[in-house]
Colleague: 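Take a look at the following structure, please.
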Amino acid sequence: MSRVHDALRKTQPDAGVLPRTPAPEASSGTSAEVREPDLSQALARFPVVPFNPSPDASLLDPSRPGEAPAEEFRSLRTRLNHIQSLQPIHSLVITSPSPAEGKSFTAANLAIAQAQLENNFTLLADFDFRRPVIHTLFQLPRSPGITDYLQGKAGLEQVIRRLEGTNLFVMTAGEAVLNPLELLNLPAAKELIEDTPELFNWVIIDTPPLLFAADANLLSTMAHALLLVVRIGATTIDSVTRAMGSLCQNNILGIVVNAAQKSELYSKYTYYHSYYTSPES
């Protein structure tokens, strides 16, 4: 029995595996109502910390839901939840061909967008042990985190934190290590990625870039699916081709285009977008 299963089963009166909460956009409410007490007990074991994103993080602001970036992430969320209604996808690797193309930005904002749905408990996990930034975006301590858990220095209850007032949980990267790929090859890493979706409807995994480390490729074999982030004006066709080739096109859901200008997003529909998103006068 894995350490993750042991941790998840502590709150269960029966021996069965903790059921997963369904995607609100894709499931009926009946089963969620039946399972909610068990799920609430399990989630209550994780410490609650203030939701205090960095002012420079460019994260979605719930007080400004009509902004174009928020709309785009909600559209991405809806597409993913529709796919989830067709196949059992609950863990999602977010990566890019090269650094600075927006993978962590995409992972964090997609996690926020998912967690804005009722009962859509979402875990954002920073598996980029080489240059982690998720703890910086949310102004959380980097350690204890995933590397501490994998090395047996911290328990699951210590490395998963719930952001106050949200359905979003965060696992930061943990202390710096010299052997990130060796840690990811531990059975505990595979168990962590395979078992946490038993508790969360979405586990969104930030990873190093594909062409600079083997980590994302390895993690994609453990997760259910992968999204590739590219940046307009920076990512080359060659790097996308090589990144896709390294994955052998296994479980790739699609490509997210980052850094598009508003005019590129909506073109002739800009007027209509403003019409529907601006407050009524």
Side-chain angles (χ1 to χ4, degrees), residues 57-58 72-73 76-77 79-80 83-84 87 89-111 113-114 122-137 142 145-147 150 170-174 176-186 188-190 192-194 196-197 202-260:
S58 299
E72 295 308 312
F73 279 105
L76 177 60
R77 176 188 71 190
R79 292 189 181 195
L80 290 171
I83 293 173
Q84 190 185 66
Q87 50 187 307
I89 293 176
H90 295 276
S91 55
L92 181 65
V93 163
I94 308 290
T95 189
S96 60
S98 305
E101 291 176 321
K103 61 176 184 54
S104 300
F105 165 80
T106 301
N109 280 306
L110 177 60
Q114 287 287 6
T122 302
L123 175 64
L124 174 62
D126 193 348
F127 273 84
D128 188 346
F129 302 156
R130 300 169 191 270
R131 292 186 179 276
V133 298
I134 295 299
H135 66 284
T136 303
L137 298 181
R142 173 173 168 170
I146 300 172
T147 59
L150 295 179
V170 176
M171 268 199 303
T172 54
V177 293
L178 297 175
N179 55 343
L181 197 55
E182 283 73 14
L183 271 185
L184 293 177
N185 273 291
L186 292 174
K190 187 171 187 290
L192 184 63
I193 292 175
E194 291 182 348
T196 44
W202 281 103
V203 177
I204 296 175
I205 302 167
D206 189 22
T207 72
L210 272 167
L211 300 182
F212 287 75
D215 306 28
N217 206 324
L218 174 61
L219 289 163
S220 71
T221 66
M222 306 176 192
H224 295 148
L226 177 146
L227 279 180
L228 189 69
V229 178
V230 301
R231 186 180 183 87
I232 288 181
T235 309
T236 65
I237 294 177
D238 176 66
S239 63
V240 173
T241 302
R242 288 190 291 131
M244 297 287 280
S246 71
L247 292 166
C248 302
Q249 298 187 8
N250 288 336
N251 66 11
I252 302 173
L253 279 187
I255 294 177
V256 174
V257 178
N258 184 37

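From a predicted model like this one, the values you see are computed outputs, not experimental measurements. The residues of the chain are indexed from 1 along the displayed sequence.
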Colleague: What is the distance from atom CD1 of I205 to atom OG1 of T196, rounded to the nearest 0.5 Å?
Modeller: 7.0 Å
Colleague: Once salt bridge (Lys or Arg N to Asp or Glu O under 4.0 Å) is applied, what residue pairs with a partner in residues 203-214 remain, sequence neighbours excluded?
Modeller: K103-D206
Colleague: Please report the interatomic distance CZ(F73) to CG(N109), rounded to the nearest 0.5 Å.
Modeller: 4.5 Å
Colleague: Once side chain to side chain donor-acceptor pair (under 3.5 Å) is applied, do any residues pair with T236, and if so which ones, sequence neighbours excluded?
Modeller: S239
Colleague: Where is the tightest heavy-atom contact between N251 and S220, given as atom of each residue plus distance?
Modeller: ND2-O, 2.7 Å
Colleague: Apply side chain to side chain contact (heavy atoms under 4.5 Å, CB included) to R142 and list each qualifying residue two or more places apart in sequence or on a separate chain.
Modeller: P132, H135, A176
Colleague: Any idea which heavy atoms bring I89 and A225 closest together, and the distance?
Modeller: CG2-CB, 4.0 Å
Colleague: Quick one: which residue pairs count as a salt bridge (Lys or Arg N to Asp or Glu O under 4.0 Å) with a foot in residues 212-222, not counting sequence neighbours?
Modeller: R130-D215
Colleague: Can you see which heavy atom on I134 is nearest to which on S104, and at what distance?
Modeller: CD1-O, 4.2 Å
Colleague: Which residue, L123, L192, L92, I193, forms the side chain to side chain contact (heavy atoms under 4.5 Å, CB included) with V203?
Modeller: L123
Colleague: Nearest 0.5 angstrom please: E194 CD to M222 CE, how far?
Modeller: 8.0 Å
Colleague: Testing the basics here: between L124 and A108, what is the closest heavy-atom pair and its distance to 0.1 Å?
Modeller: CD2-CA, 3.9 Å
Colleague: Could you pull out all donor-acceptor pairs under 3.5 Å where a side-chain atom in residues 227-235 meets a protein atom, sequence neighbours excluded?
Modeller:
residue, atom, partner, partner atom, Å
T235, OG1, E101, OE2, 2.6
T235, OG1, R231, N, 2.8
T235, OG1, R231, O, 3.4

Colleague: How long is the straight-line distance from OG1 of T172 back to CG of L137, given to the nearest 0.5 Å?
Modeller: 12.0 Å
Colleague: Less than 4.5 Å apart, side chain to side chain, heavy atoms only: is that true for L218 and N185?
Modeller: yes
Colleague: Specify the closest pair of heavy atoms between P209 and P99, including all atoms of both residues, with the distance to one decimal.
Modeller: CG-N, 3.6 Å
Colleague: Determine the minimum heavy-atom distance between P97 and F212, stating which atoms define it.
Modeller: O-CD1, 3.9 Å
Colleague: Return the CG to CG distance between N217 and L181, rounded to the nearest 0.5 Å.
Modeller: 10.0 Å
Colleague: Go through the steps to decide whether V133 and D128 satisfy the test side-chain contact (heavy atoms from CB on, under 4.5 Å), and finish with yes or no.
Modeller: CA-CA 8 Å; V133 298; D128 188 346; over 6 Å; no
Colleague: Which residues pass the side chain to side chain contact (heavy atoms under 4.5 Å, CB included) test with A216, sequence neighbours left out?
Modeller: T95, T207, L210
Colleague: Return the set of residues passing side chain to side chain donor-acceptor pair (under 3.5 Å) with T122 (not counting sequence neighbours), or none when no residue passes.
Modeller: none
Colleague: What's the spacing between T106 OG1 and N258 CG if we round to 0.5 Å?
Modeller: 5.0 Å
Colleague: Taking side chain to side chain donor-acceptor pair (under 3.5 Å) as the test, write out the residues that go with S91, two or more places apart.
Modeller: H224
Colleague: Report the residues that fulfil salt bridge (charged side-chain N to carboxylate O under 4.0 Å, His left out) with R242, sequence neighbours left out, ordered by chain and then residue number.
Modeller: D238
Colleague: If you define the side chain from C-beta out and look only at heavy atoms, does anything of V240 sit under 4.5 Å from I255?
Modeller: yes
Colleague: State which residues pass side chain to side chain contact (heavy atoms under 4.5 Å, CB included) with A189; sequence neighbours excluded, sorted by chain then number.
Modeller: L150
Colleague: Taking the side chain as every heavy atom from C-beta outward, state whether L110 and W202 have any atom pair closer than 4.5 Å.
Modeller: no
